[in-house]
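To start, the structure itself, in structure tokens.
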Amino acid sequence: MASQIPAASAGLGTTDMARSVIFFSSILAITALLALLYAFSLSWLLLVVLSATTLLILYLLFHPRNQWLVANRSRVDGAGCVALTFDDGPDPVDTPKLLDLLREKDVKATFFVVGKRADQYPEIVRRAWTEGHLIANHTWSHYSLFCFLMPGRLRAEIDRCTESIRRTCGSRPRFFRSPVGLRHPLLAPYLEDAGLEYVSWTIRTRDTLTANSSILARRILKAASGDIILLHDHLPGGADAMLEVLPRVIDELRERGFEFVLAGPREDTGGTLQSAACESAP
Ligand SMILES: [Zn+2]
């Protein structure tokens, strides 16, 4: 059933931004105040406890594979399997090139799409889906302070992207990844309500930070059995380095005996689930 999305909370208004900034600033201000109070009174022990608590909160919110706030899969099943995942698309230029490349190499991948971009380029998402790739939820707007979203906006970010994918592909996504892998204290219950499972990664190529194809290749080729590899098909400067390096990286991983699988099962047109696991061993 289609989700009801509160339009007022789903927009990208300055009010939402202001709320998140206020929330973030408040936490920092309280922490700084407490630290000052304890530092200039008697107890260094309390300061240590406060610092440890702050570090723990940061770990819980920012570490991509921690299981405390939301259970997540960061590996795929099956000996010799690896999963290529592409975030932030669709991109009108680079995603079609990537789909051509994947088709040529007969590789299936997982696309974590941004809902508003999927709405803008539905034909690209539909093409990826019909060519056998898995389409997953990467929020509606890819809000960078995701971990500080207000509850209504958080739910809208999830539901609105799900609805965009359902409209385009004809079936609801089963998997979710947040922007930059950030967590939110309410993410677990909201994902459960939306029937989504969180997918993390084990190899971060940092392709958002480098356009050097040799560095990128080296990072991808570190893959071991079960790894989920994080790449991007939409980048501000273009995804040329990734597109250049991917064919030979795919060939080399195959020569080592690896098989490329989806990050999770996908539904076929009859509504049954196709397994993501593979059988071969390297
Ligand atoms: Zn992203």
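Predicted model only: the values in this text are computed from it and were never measured. What's counted below: heavy atoms across the whole structure, side chains too, no hydrogens, waters or symmetry copies.
Annotation for E123: atom CD counts as buried by contact number, over 12 foreign heavy atoms lying within 6.0 Å.
From T162, atom OG1 reaches atom CG of N137 across 4.0 Å, with rounding to the nearest 0.5 Å. Between the CH2 atom of W140 and the CG atom of D159 there is a distance of 12.0 Å, given to the nearest 0.5 Å. Rounding to the nearest 0.5 Å gives a distance of 11.5 Å between CG of L246 and OG of S213. Atom OG of residue S164 and atom CG of residue D119 lie 3.5 Å apart, to the nearest 0.5 angstrom. Note that CG of D94 and CG of L235 are 8.0 Å apart. Values are rounded to the nearest 0.5 Å. Between the CD atom in E192 and the CD atom in E197 there is a gap of 12.0 Å [rounded to 0.5 Å].
Comment: R160 does not engage E163 in a salt bridge, judged by the lack of any side-chain N to carboxylate O separation of less than 4.0 angstrom. Under the 4.0 Å criterion applied to side-chain N and carboxylate O atoms, D251 and K105 are assigned as salt-bridge partners. In this structure, R103 pairs ionically with D100, as a charged nitrogen and a carboxylate oxygen lie closer than 4.0 Å. No salt bridge links R248 with E252; every basic N to acidic carboxylate O contact stays at or beyond 4.0 Å. Between R155 and D193 a salt bridge is recorded (basic side-chain N to carboxylate O distance below 4.0 Å).
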Begin from the C-alpha positions of F148 and H184 and carry the test side chain to side chain contact (heavy atoms under 4.5 Å, CB included) through to its verdict.
CA-CA 7 Å; F148 303 114; H184 189 291; over 6 Å; no
Steps toward side chain to side chain contact (heavy atoms under 4.5 Å, CB included) verdict (H234, T95)
CA-CA 7 Å; H234 171 71; T95 307; 5.7 Å; no
CA sep, side-chain torsions, deciding dist, call: V199, N72, side chain to side chain contact (heavy atoms under 4.5 Å, CB included)
CA-CA 5 Å; V199 175; N72 60 92; over 6 Å; no
Between K222 and D227, is the side chain to side chain contact (heavy atoms under 4.5 Å, CB included) condition met? List the steps.
CA-CA 9 Å; K222 285 180 182 167; D227 275 335; over 6 Å; no
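Cluster annotation: I215 and I203 are assigned to distinct hydrophobic clusters (Ile/Leu/Val/Met/Phe/Trp/Tyr, side-chain heavy-atom contacts under 4.5 Å, transitive). A single hydrophobic cluster is seen to contain both V249 and F111, as judged by linkage of ILVMFWY side chains at heavy-atom distances under 4.5 Å, directly or through other members. By the criterion of side-chain heavy atoms lying less than 4.5 angstrom apart, applied directly or through intervening Ile, Leu, Val, Met, Phe, Trp or Tyr residues, L221 is grouped together with L102 in one hydrophobic cluster. Using a 4.5 Å cut-off between side-chain heavy atoms of Ile, Leu, Val, Met, Phe, Trp and Tyr, with links allowed through other members, I135 and V107 fall into the same hydrophobic cluster. Hydrophobic clustering keeps L134 apart from V114 (ILVMFWY residues linked when any side-chain heavy atoms are closer than 4.5 Å, directly or through intermediates).
Between R117 and P92 the shortest side-chain heavy-atom distance falls below 4.5 Å. The closest side-chain heavy-atom distance from I229 to T85 is not below 4.5 Å.
Residues R126 and T168 share a closest heavy-atom pair of NE-O, 3.2 Å. Here the closest heavy-atom approach between residue I158 and residue L187 is recorded as CD1-CD1, 3.9 Å. I228 approaches S74 most closely through the heavy-atom pair CD1-C, 3.5 Å. For the pair A224 and V82, the tightest heavy-atom approach, listed with the atom from each and the gap, is O-CG1, 3.4 Å. Taking every heavy atom of both residues into account, T139 and P179 meet most closely at CG2-CD, 3.5 Å. The shortest heavy-atom contact between F176 and F112 is C-CE2, 3.8 Å.
Side-chain contact annotation: H138 with D88, donor-acceptor N/O pair under 3.5 Å present. R266 and S171 form no side-chain donor-acceptor contact under 3.5 Å, judged by distance and modelled atom types alone. Inspection of the S141 and R153 side chains reveals an N or O donor paired with an N or O acceptor under 3.5 Å. H232 and D207 form a side-chain donor-acceptor contact under 3.5 Å, judged by distance and modelled atom types alone. One side chain, S178 or Y198, offers a donor N or O that lies under 3.5 Å from an acceptor on the other.
Using a distance-only test at 3.5 Å, with no hydrogens or angles considered, no donor-acceptor pair links the side chain of T110 to the main chain of L262. Under the 3.5 Å distance criterion, the side-chain polar atoms of R166 are left unmatched by any main-chain donor or acceptor of R172. Listed for the K108 side chain is a donor-acceptor partner under 3.5 Å among the backbone atoms of E131. With hydrogens and angles ignored, the 3.5 Å screen pairs a side-chain donor or acceptor of H133 with a backbone N or O of A109.
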